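Lettering of chains follows the sequences in order, A, B, ..., and the numbering in each one begins at 1. Treat the numbers as computed from the prediction; the structure is a model and nothing was measured.
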Amino acid sequence: DVKVTQSSRYLVKRTGEKVFLECVQDMDHENMFWYRQDPGLGLRLIYFSYDVKMKEKGDIPEGYSVSREKKERFSLILESASTNQTSMYLCASTVGGHEETQYFGPGTRLLVL
Amino acid sequence: QKEVEQNSGPLSVPEGAIASLNCTYSDRGSQSFFWYRQYSGKSPELIMFIYSNGDKEDGRFTAQLNKASQYVSLLIRDSQPSDSATYLCAVKHPTGNQFYFGTGTSLTVIP
């Protein structure tokens, strides 16, 4: 079974703090993704990575950065957390090839005070 | 225009009935389509994917794809209360690695 894990289920941070969210997958997937999910807005892509040290901006990259130093690990960084970054953050990875199914981690619910 | 559109619902059906969930997409070149189920507070889980026009069946679930109409649907037969969830339609970018998600349809199956 594919397993995607995220470092925290719940986080509470203060405005201005630097926040690290980590995602690890154990199936040697090439592609990894970070989304945020907000009521009424659905899943929105922040960044994705198609290889180690490679990244591409998604639809809402402002205020975020990412790091992929190892194939299995993809980190999302909030440089200076703001209250409008309170959200559910979901990491996903894809099998690749024809199927391209995304497998999601359990999510991190972040509250910025 | 959004890449993927779904009726947000809520959709309510009685137990045992057929639930029909619909999705339209804007990029005519799209080739890969996915349905995910998401329970409240949980992450999305894949139900099924479809690439070819027509129907694809998996147990109580049938995905239907009509590329000419840019329309994909999910039918759930013999609906159960445990099917109550939000259903997300996703479409893969035709040339890139991105996936586009609809906002989801909330389904409630009434016992």
Side-chain angles (χ1 to χ4, degrees), chain A residues 1-6 8-10 21 23 25 27 29-51 54-61 66 68 74 87-109, chain B residues 1-10 21-27 29-52 56 58 61 63 65 72 74 85-106:
Chain A
D1 268 357
V2 174
K3 193 169 184 183
V4 181
T5 58
Q6 294 183 229
S8 304
R9 292 300 306 275
Y10 301 95
L21 303 181
C23 175
Q25 49 92 3
M27 287 300 291
H29 290 177
E30 299 292 335
N31 302 322
M32 297 185 74
F33 305 78
W34 275 107
Y35 296 91
R36 64 178 282 177
Q37 187 175 31
D38 301 288
L41 297 177
L43 279 158
R44 293 182 291 167
L45 181 64
I46 305 171
Y47 269 97
F48 67 98
S49 169
Y50 50 90
D51 202 351
M54 306 303 287
K55 61 185 179 185
E56 283 196 32
K57 293 179 180 180
D59 299 318
I60 51 164
V66 289
R68 194 166 180 201
F74 191 35
S87 187
M88 168 72 97
Y89 289 88
L90 289 160
C91 175
S93 67
T94 58
V95 172
H98 182 63
E99 187 176 314
E100 290 282 14
T101 302
Q102 285 203 310
Y103 294 90
F104 285 86
T108 296
R109 192 168 290 280
Chain B
Q1 183 186 3
K2 291 183 181 177
E3 299 282 348
V4 179
E5 300 212 43
Q6 295 180 253
N7 186 330
S8 62
L21 307 163
N22 304 315
C23 173
T24 58
Y25 59 95
S26 61
D27 193 326
S30 299
Q31 299 291 325
S32 307
F33 308 88
F34 306 83
W35 281 101
Y36 288 84
R37 177 176 62 200
Q38 186 174 25
Y39 292 113
S40 180
K42 302 292 186 182
S43 59
E45 54 180 338
L46 181 73
I47 298 174
M48 60 194 306
F49 56 86
I50 185 167
Y51 305 126
S52 304
K56 179 181 179 183
D58 184 0
F61 299 94
L65 176 60
V72 58
L74 180 71
T86 296
Y87 289 80
L88 303 173
C89 172
V91 178
K92 187 176 180 295
H93 190 285
T95 57
N97 291 310
Q98 285 183 291
F99 292 74
Y100 298 105
F101 285 82
T103 54
T105 298
S106 174

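Residues that satisfy the ring-ring contact (aromatic ring centres under 6.0 Å, His included) test with A:Phe33, not counting sequence neighbours, are A:Phe48, B:Phe99. Applying the ring-ring contact (aromatic ring centres under 6.0 Å, His included) criterion to B:Tyr87, with sequence neighbours excluded, gives no partner residue.
If you measure heavy-atom distances from A:Leu90 to chain B, the contacts under 4.5 Å come from the side chain alone. For B:Gln6, no part lies under 4.5 angstrom from a heavy atom of chain A. Neither the backbone nor the side chain of A:Arg44 comes within contact range of chain B; no heavy atom of the residue lies under 4.5 Å from a heavy atom of that chain.
Of the listed residues A:Gln37, A:Met88, A:Arg109, A:Glu56, the one with more heavy-atom pairs under 4.5 angstrom with chain B than any other is A:Gln37.
For the atom pair OG1 (A:Thr94) and NZ (B:Lys92), the distance works out to 8.0 Å, reported to the nearest 0.5 Å.
Between B:Phe49 and A:Thr101, the shortest heavy-atom distance links the atoms CD2-OG1, 3.9 Å. Considering all non-hydrogen atoms of both residues, B:Ser43 and A:Pro106 come closest at OG-CA, 3.8 Å. The shortest heavy-atom contact between A:Leu43 and B:Pro44 is CD1-CG, 4.2 Å.
Counting heavy atoms from C-beta outward, B:Tyr36 and A:Gln102 have side chains that approach closer than 4.5 Å.
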